[in-house]
Amino acid sequence: MFKKILLGVGFAFLGLIAVLVIRTLNYGGVPDTVQQVELPEPPAISAERAARHLSEAIQFRTITLSSGDPRPGQEGPWLELQAWLEETYPAFHDAASKETVPGGYTVLYTWEGSDPALDPLLLMAHQDVVPVNIGTEGDWTGAPFAGEIVDGYVYGRGAMDDKGSLVAIMEGLDALARDGFEPQRTILVQLGHDEEVSGSGAEAGIALLKERGVSPIMALDEGFMVVQDNPVTGGTLGLIGVAEKGYVTVQITVTAEGGHSSAPPRDSATVRLSRALIALDETQMDADLSASPTSDMMQVVAGEMGFVQRMALANQWLLGGMVESGFAASPQGNAMIRTTTAPTMLSGSAKENVLAQRATAIVNFRVHPNNSVQDILDHIGEVTSDIEGLEYAPVEGGIGSEASGVSATDNRAYGVLHAVASEVGGGAPVTPALVIGATDARYASAITDNVYRFAPSIVGPADLAGFHGTNERLSVENMGHLSRSYAQIVMAMDEPEADE
């Protein structure tokens, strides 16, 4: 009898091993649903010329610091940049009409297509940049607002975020116009003026298009790129943002009796607030690895990983805890799989020997598409329910948004972007992914389900380190990639979809 039990256990174990191995060998690669697209050959575009133009665009100090920028009287750099665009790209400006979106300095271009039955293509970028930290100017290889070209890189604030894309869109469209390209599908270009502080310009521009009944076949904005030495596979990986996180900031307040610090109670307002923050840190919101785009990304990258890692990804019914722990081990990985919790600001007593009667914390949550803002509020209530005198609510007047929807990966729009990313990355694998920051693209969801966040360039860790930091830069080669790719995207999308 005992031998039969051992034999049965052995067969069960071998069966389990067989299932794990078979599932592992059959897992990974690009899904069959991704459309295969042959990219057209665009007009010749000079990377060096595009880089010189990026250098010039950087010199316009379109810096936004807070909501409402640029203030009256400070709009000069925006107007100068827009005048420069007209002067630098005459062929496109002759082909397209231009309007300023009411309420700011966001610009909307319309290049009318010959077939009004086709939904338009919307390309997005933004004019504004973040400031440079005072005292760090001397740390730059090229002065932050000089647009210097050093050793094959254009240095300056906005090179990557987002004047590189803005200039490249113009380079690609101007080249098409000079070459005699006449679109069937209307091309829209929206250049937001305040993405770095609120995106009110993009929001107003999208609202204007919605009012006109415009529903683009695709909206394309900044977001991901092709990344070398990426933290997921260690190699080169093209990442196309098919969704982005939402944003909400919550104020948590604990009230209690104050008094003199010489006779403190054991459970003061500050202590209770600390308990609440620890509870939120230790009880993170749940991750769901089965949902897109995380599940899609895991399938693509599995083929680039070792057998053990691939086995874990392929058999999450058994090894899901291991996979989640692997993602959660790094801040970037954790942000991809769940809503994140970040206490950022604290306040309490006004004097060191006075007990706080009101202790507050500001906690910023980046909302995963699996969750809603209400889910977050419910979560706070659950993990702090035992703390007396605690109240919480979204910060009044603060910026906030739900997570975006997840855009499709089985349509021509994604197929075109997939092909472009593969070409730029020299055949590197390409995957849909979740953008953990905020872009102007979040507003485009109001007029189209097909919203993507991808700038067709290839960057490494040194390039990414300059994003919003010192030595922001973009290579001359990448200006060629971007300009050529935007022209290809326009040409490849200039035909009807099967359901149009």
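Below, all heavy atoms of this structure are taken into account, side chains as well, without hydrogens, waters or symmetry copies. All residue numbers in this chain count up from 1 along the given sequence.
Applying the side chain to side chain donor-acceptor pair (under 3.5 Å) criterion to Thr360, with sequence neighbours excluded, gives Ser347. Partners of Thr344 according to the side chain to side chain donor-acceptor pair (under 3.5 Å) rule, which considers only residues two or more places apart in sequence or in another chain, do not exist here. Partners of Arg272 according to the salt bridge (Lys or Arg N to Asp or Glu O under 4.0 Å) rule, which considers only residues two or more places apart in sequence or in another chain, are Asp267. Under the salt bridge (Lys or Arg N to Asp or Glu O under 4.0 Å) criterion, Glu196 pairs with no residue at all, not counting sequence neighbours. Taking the side chain to side chain donor-acceptor pair (under 3.5 Å) definition, one finds that Asp139 meets it with nothing, sequence neighbours left out. Judged as a side chain to side chain donor-acceptor pair (under 3.5 Å), and not counting sequence neighbours, the contacts of Thr106 are His193. Under the rule for a ring-ring contact (aromatic ring centres under 6.0 Å, His included), the partners of Tyr109 that lie at least two apart in sequence or sit in another chain are Phe92, His93.
Remark: the backbone N or O of Glu382 is paired with a side-chain donor or acceptor of Ser385 at under 3.5 angstrom. Listed for the Asn364 side chain is no donor-acceptor partner under 3.5 Å among the backbone atoms of Ala342. Between the side chain of Asp375 and the backbone N or O of Ser372 there is at least one donor-acceptor pair closer than 3.5 Å. Looking only at distances, a side-chain donor or acceptor of Glu402 sits under 3.5 Å from a matching main-chain atom of Val373. Between the side chain of Asn478 and the backbone N or O of Leu474, no donor-acceptor pair lies under 3.5 Å. Between the side chain of Ser457 and the backbone N or O of Ala455, at least one donor-acceptor pair lies under 3.5 Å. Panel note: side chain Ser274, backbone Thr270; a donor-acceptor pair is recorded below 3.5 Å. With Thr470 contributing its side chain and Trp140 its backbone, the two residues share no donor-acceptor pair below 3.5 Å. In this structure, the side chain of Ser261 engages the main chain of Asn353 through a donor-acceptor pair within 3.5 Å. Of the possible donor and acceptor atoms, none in the side chain of Glu304 sits under 3.5 Å from a partner among the backbone N and O of Ala302.
The side-chain heavy atoms of Glu99 and Val107, taken from C-beta on, include no pair separated by under 4.5 Å. Side-chain contact check for Leu166 versus Gln127: some heavy-atom pair is nearer than 4.5 Å. A heavy-atom distance below 4.5 Å is not found between the side chains of Lys245 and Val435. Val37 places none of its side-chain heavy atoms less than 4.5 Å from the side chain of His418. Residues Trp78 and Thr100 fail the side-chain proximity criterion, which asks for heavy atoms closer than 4.5 Å. Between Val129 and Phe145 there is a side-chain heavy-atom pair separated by less than 4.5 Å. Using a 4.5 Å cut-off on side-chain heavy atoms (C-beta onward), Val367 and Tyr247 make no contact. Counting only heavy atoms from C-beta outward, the side chains of Val395 and Val250 never approach each other to under 4.5 Å.
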Working for side chain to side chain contact (heavy atoms under 4.5 Å, CB included), residues Phe365 and Leu377: CA-CA 10 Å; Phe365 295 86; Leu377 297 176; over 6 Å; no
Met218 and Ile489: CA distance, side-chain angles, deciding distance, side chain to side chain contact (heavy atoms under 4.5 Å, CB included) verdict: CA-CA 11 Å; Met218 170 171 69; Ile489 290 166; 3.8 Å; yes
Gln251/Thr253 under side chain to side chain contact (heavy atoms under 4.5 Å, CB included): CA gap, chis, key distance, verdict: CA-CA 6 Å; Gln251 178 172 301; Thr253 303; 3.3 Å; yes
Residue pair Ile337, Asn370: steps toward the side chain to side chain contact (heavy atoms under 4.5 Å, CB included) verdict: CA-CA 9 Å; Ile337 64 172; Asn370 294 343; over 6 Å; no
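The environment of Asp32 atom CG is sparse: at most 12 non-hydrogen atoms of other residues, nucleotides or ligands sit within 6.0 angstrom. Within 6.0 Å of atom CZ in Arg358, 12 or fewer heavy atoms from other residues, nucleotides or ligands are found, so the atom counts as exposed in its surroundings. Around the CE atom of Met322, the shell of radius 6.0 Å holds no more than 12 heavy atoms that belong to other residues, nucleotides or ligands.
Here the closest heavy-atom approach between residue Val420 and residue Pro456 is recorded as CG1-CB, 3.7 Å. The two atoms that bring Ser349 and Leu355 nearest to each other are CB-C, 4.2 Å, heavy atoms only. Of all heavy-atom pairs between Phe60 and Pro77, the closest is CB-O, 4.0 Å. In terms of heavy-atom proximity, Pro144 sits nearest to Glu137 at CD-O, 4.2 Å. Here the shortest heavy-atom pairing between Ala356 and Gly348 reads CB-C, 3.9 Å. When all heavy atoms of Pro429 and Leu237 are compared, the pair lying nearest together is O-CD1, 3.5 Å.
Between atom CG of residue Leu417 and atom CZ of residue Arg412 there is a gap of 11.0 Å, rounded to the nearest 0.5 Å. Here OG of Ser407 is found 5.0 Å from OH of Tyr452. Values are rounded to the nearest 0.5 Å. Note that CG of Leu289 and CZ of Phe327 are 6.5 Å apart. Values are rounded to the nearest 0.5 Å. Interatomic distance, CD1 of Ile376 versus NE2 of His368, reported as 11.5 Å (0.5 Å rounding). Put simply, OG1 on Thr409 and CD1 on Ile240 are 9.5 Å apart, with the number rounded to the nearest 0.5 Å. Rounding to the nearest 0.5 Å places OG1 of Thr186 at 10.0 Å from CG of Leu121.
The stretch residues 61-77 participates, sequence neighbours left out, in these side chain to side chain donor-acceptor pair (under 3.5 Å) pairs: Thr62-Lys163, Thr64-Asp128, Ser66-Arg71, Asp69-Arg71. Among residue pairs with one or both ends in residues 337-349, those qualifying as salt bridge (Lys or Arg N to Asp or Glu O under 4.0 Å) are Glu324-Arg338; sequence neighbours excluded. Among residues at least two apart or in separate chains, side chain to side chain donor-acceptor pair (under 3.5 Å) pairs with a member in residues 431-448 are Glu244-Thr439. The list of salt bridge (Lys or Arg N to Asp or Glu O under 4.0 Å) pairs with a residue in residues 280-301, not counting sequence neighbours, is empty. Contacts classified as side chain to side chain donor-acceptor pair (under 3.5 Å) and involving residues 222-233 (residues at least two apart or in different chains) are given here: His126-Glu222, Asn230-Thr233.
Donor-acceptor pairing under 3.5 Å is lacking for the side chains of Asn133 and Thr136.
Between Arg185 and Asp119, none of the side-chain N atoms (NZ, or NE/NH1/NH2) sits under 4.0 Å from a carboxylate O, so this pair counts as no salt bridge.
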